[in-house]
Novice: 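Handing you a structure now.
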Protein chains: 2
Amino acid sequence: MKLIHQLSKETGIPIGTIRFYEKSGLFKGTTKKEVTTNNYVYYGEEVADKLRFIQMAKAVGFTLSEIKEVVDAWYKKEISRKAKIEVLDKKLAQIEEKMKELRTVKKQIALCKFNIENGLD
Amino acid sequence: MKLIHQLSKETGIPIGTIRFYEKSGLFKGTTKKEVTTNNYVYYGEEVADKLRFIQMAKAVGFTLSEIKEVVDAWYKKEISRKAKIEVLDKKLAQIEEKMKELRTVKKQIALCKFNIENGLD
DNA sequence: TTGAACTATATAGTATACTGCATTGTTGTG
DNA sequence: CACAACAATGCAGTATACTATATAGTTCAA
């Protein structure tokens, strides 16, 4: 269990951003009830994992609210198994779509490069 | 050559967004100098192509300024061949990175789904 | 020739995702 | 025990990417 500064160093995500994500409901740290002198929040390794997941999902164009849907399906007890599977299947389909788009964009750029290299532009 | 309303219908991109993209320098329509009664702007098929490219690039997490770099390498005469290739190679590397991230995110979600289906959550 | 459907320009407002700052309190090292 | 380095809270500010509104002019079919 680590404090926010340590978590930030480990993941490369600024402290402000981590707090913003936490306030957005993407994860929750824990306070140690035996400590009464402060209200410092501790984060486990699963939070670091979640942050890395968030970073990657963002990099491929998912919004925070889309990411939150997945994270909720990941661990929220209030959501039914059926609803969770539904969300995850939807995300998997979106990922396939993104892979297709990524291949198309790649082809387009490769063609553009080919044209420039061969003076066809 | 079509007007903005037609272009919007064909691509599914709102007129306001098309104007915003044009102002951002992502493409340029043409005015017919023989027409003096108005200053309507016409768009060729290559603009529709560019819009479709923009949509896909956005969907996989590229920002408008990143997309603009590619679009400029695509057709700007002021940019040297060498600089263009450099930009395109950088983008191709970014695309590989995104593909890797997409596969990781997919694996993570598939594992999450497996756990839920098998009651391991 | 009137009215619906377009066109352009300009400006303001919104949503998302941060980012910075000020304040106040806590902890640990020399 | 001072003081740097950390922690929490709250709120203001910024960047990006739209989105809406207002105004004014143009086109075209009935």
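Chain naming here is simple, since letters A, B, ... match the order of the sequence lines and numbering starts at 1 in each.
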Novice: Would Y43(A) and E22(A) count as having a side-chain donor-acceptor pair, cut-off 3.5 Å?
Specialist: yes

Novice: Look at T17(B) and dT19(D) and indicate whether a side-chain polar atom (N or O) is within less than 4.0 Å of OP1 or OP2.
Specialist: yes

Novice: Taking the six-membered ring of Y40(B), is NZ or CZ of K32(B) closer than 6.0 Å to its centre and within 45° of its axis?
Specialist: no

Novice: What is the separation between atom CG on L26(A) and atom P on dA17(C), rounded to the nearest whole Å?
Specialist: 9 Å

Novice: CD1 of I54(A) versus C1' of dC18(C): gap in Å, rounded?
Specialist: 14 Å

Novice: How would you list, by chain and number, every residue that makes a salt bridge (Lys or Arg N to Asp or Glu O under 4.0 Å) with E66(A), sequence neighbours excluded?
Specialist: none

Novice: For DNA chain C, which residues in residues 32-43 of chain B have a heavy atom at a distance below 4.0 Å?
Specialist: N39(B), Y40(B), V41(B)

Novice: Just to confirm, is there a sub-4.0 Å distance from OP1 or OP2 of dC18(D) to any side-chain nitrogen or oxygen of K58(B)?
Specialist: yes

Novice: Should V41(B) and F20(B) be counted in the same cluster of Ile, Leu, Val, Met, Phe, Trp and Tyr side chains packed under 4.5 Å apart?
Specialist: yes

Novice: How long is the line joining CZ of F20(B) and P of dT21(D), in whole Å?
Specialist: 18 Å

Novice: Relative to F62(A), does K68(A) satisfy both conditions: NZ or CZ under 6.0 angstrom from the six-membered ring centre, and within 45 degrees of the ring's axis?
Specialist: no

Novice: Using heavy-atom distances to pick each residue's nearest nucleotide on DNA chain D, tell me which of Y21(B) and Q6(A) is more 5'.
Specialist: Q6(A)

Novice: Grab the NZ-P distance between K9(A) and dC6(D) for me, whole Å please.
Specialist: 7 Å

Novice: How long is the line joining CZ of F62(B) and P of dT16(D), in whole Å?
Specialist: 17 Å

Novice: Any donor and acceptor pair, going by atom type alone, linking the side chain of K84(A) with main-chain N or O of K76(A) inside 3.5 Å?
Specialist: yes

Novice: What distance separates T11(A) OG1 from D49(A) CG, expressed to the nearest 0.5 Å?
Specialist: 11.0 Å

Novice: Of I15(B) and P14(A), whose nearest nucleotide on DNA chain C comes first from the 5' end?
Specialist: I15(B)

Novice: Looking only at side-chain N and O atoms, does R19(B) come under 4.0 Å of OP1 or OP2 in dA8(C)?
Specialist: yes

Novice: With heavy atoms under 4.0 Å as the rule, sort T63(A) into base, sugar-phosphate or nothing.
Specialist: sugar-phosphate

